[in-house]
Amino acid sequence: MDQFLQINGNQVRVSNLEKIYWPGDGFRKGDLLKYYIEMSSLILPYIQDRPLVMSRYPEGITGEMFYHKHLAENQTPPYIKTQRIYSKEREDDINYIIGSGIETLVFMVNLGAIELHPWFSRVQTLDHPDWAIFDLDPAEGATFEDTIMVAQLIHKVLTDLKVKHYPKTSGATGLHIYVPVEPIYSYEELQEFVELVGWIVVQVIPDKATIYDRKVKDRAGKVYVDYLQNIKGKTITGVYSVRPQPKAPISTPVLWDEVNSSLKPDMYNLQTIGKRIEEVGDLFKPVLKEKQKITRALNLLRNELLDVTRKQY
DNA sequence: GGTATAG
DNA sequence: CTATACCAACGCAGC
DNA sequence: GCTGCG
Ligand SMILES: [Mn+2]
Ligand SMILES: [Mn+2]
């Protein structure tokens, strides 16, 4: 049943590679593992040095799911790097897995971690993320095309602000827009930045986008700009993560030119990702390389809000 | 999926 | 040795 | 303090 893979000088145990994980598509656990190993050179840079949350499906996508953050001592192989980070809610440390080499990736996938969720910040600067994210979640009754429309408007606002930003499919129903930043801003500041841009978008297309409707029912037919994900300890599905959905879609970077009605949420998946990467390579490279200051943009947005508020009185 | 404990 | 039990999330807005 | 939400 169990096999051992020799990776970077470590014996990594893997099991049940023949188990069907996607019954509708016939993809097996071994297919998932093969994908992550083949993609490791692309994926690892985006999880390197980051605390990781696993979304686990040990019985496949039709089985029970659970998040896994804390790795107990007695299930931590010597080659896994971990770091204890205090959690207020838990009133104790969480022993997070820290992104490192292929062996770490294989260890997590073997646990049934179909999705990987990296923190927005690295261990070197835990309180200072190196990206902010616009998490666009279409609510009940909203379409993927609605999501694309909201994304395009965010694209226009960020372009006017001269802030670099990069889109990817979530692989499920929405889109993610990453804003790479120098690790000098707090989570609160980055959240405010996303909130202010989201607020502007909602002013322009209030029937398509929402940001302050906390109740799901109130968001019906609209795209929720989930700025509240920009919080320490919160995560979203990472780039190149597979999703527990039919076709095994993958959260895949796209060009802004491709964010139009021909983009489909599941068009990049376990079946098609190879060709896609061959054709365009890693479109998210700038997210790691083009770290920017958003001080000016944040001030412009704050003043914009002030102006609008003043006009109302 | 892995580990501890009971039988 | 095999069967079974048990575990594997949290941050926070809003009420 | 608890529920809803992601
Ligand atoms: Mn989302
Ligand atoms: Mn969300």
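The sequence lines fix the lettering, A, B, ..., with proteins before strands; numbering per chain opens at 1.
Ring to ring, Tyr96(A) and Trp119(A) are close: their centroids are under 6.0 angstrom apart.
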* Residues Tyr224(A), Asp135(A); criterion side chain to side chain donor-acceptor pair (under 3.5 Å); working and verdict -> CA-CA 8 Å; Tyr224(A) 176 55; Asp135(A) 173 25; over 6 Å; no
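The nearest pair of heavy atoms linking Asp213(A) to Asp218(A) is OD2-O, 3.4 Å. Across all non-hydrogen atoms, the minimal contact from Asn230(A) to Val194(A) is ND2-CG2, 3.9 Å.
Nucleotides dC12(C) and dG1(B), compared at atom C1', are 31 Å apart to the nearest Å. dG6(D) and dC7(C) are spaced 23 Å apart, taking the C1' atom of each and rounding to whole Å. Taking atom C1' on both dA9(C) and dA4(B), the two are 23 Å apart, rounded to the nearest angstrom.
Listed in residue order, the members of residues 11-39 of chain A having a heavy atom less than 4.0 Å from DNA chain C come to none. If you check residues 71-83 of chain A against DNA chain B, the residues with a heavy atom closer than 4.0 Å are Asn74(A), listed by number.
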* Asked: Nucleotide by nucleotide, 5' to 3', does protein get under 4.0 Å of the base (B), only the sugar-phosphate (S), or neither (-) in nucleotides 10-15 of chain C, counting heavy atoms?
  -> SBSSS-
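Among the protein residues, Val216(A) comes within range of the sugar-phosphate backbone only, with heavy atoms under 4.0 Å from sugar or phosphate atoms but none that close to a base.
A search for ring-ring contact (aromatic ring centres under 6.0 Å, His included) contacts involving Tyr178(A) returns Trp131(A), Phe284(A), not counting sequence neighbours.
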Atom pairs, protein N/O to nucleotides 3-5 of chain C N/O, distance under 3.5 Å:
none

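Its side chain within the 4.5 Å cluster rule, Leu255(A) clusters with Val280(A), Leu283(A) among the Ile, Leu, Val, Met, Phe, Trp and Tyr residues.
In the model, Gln245(A) has no side-chain atom that pairs as donor or acceptor with a side-chain atom of Asp266(A) under 3.5 Å.
Closest approach to the Pro58(A) side chain among dG6(D), dG1(B), dA8(C) is made by dG1(B) (side chain taken as heavy atoms from C-beta onward).
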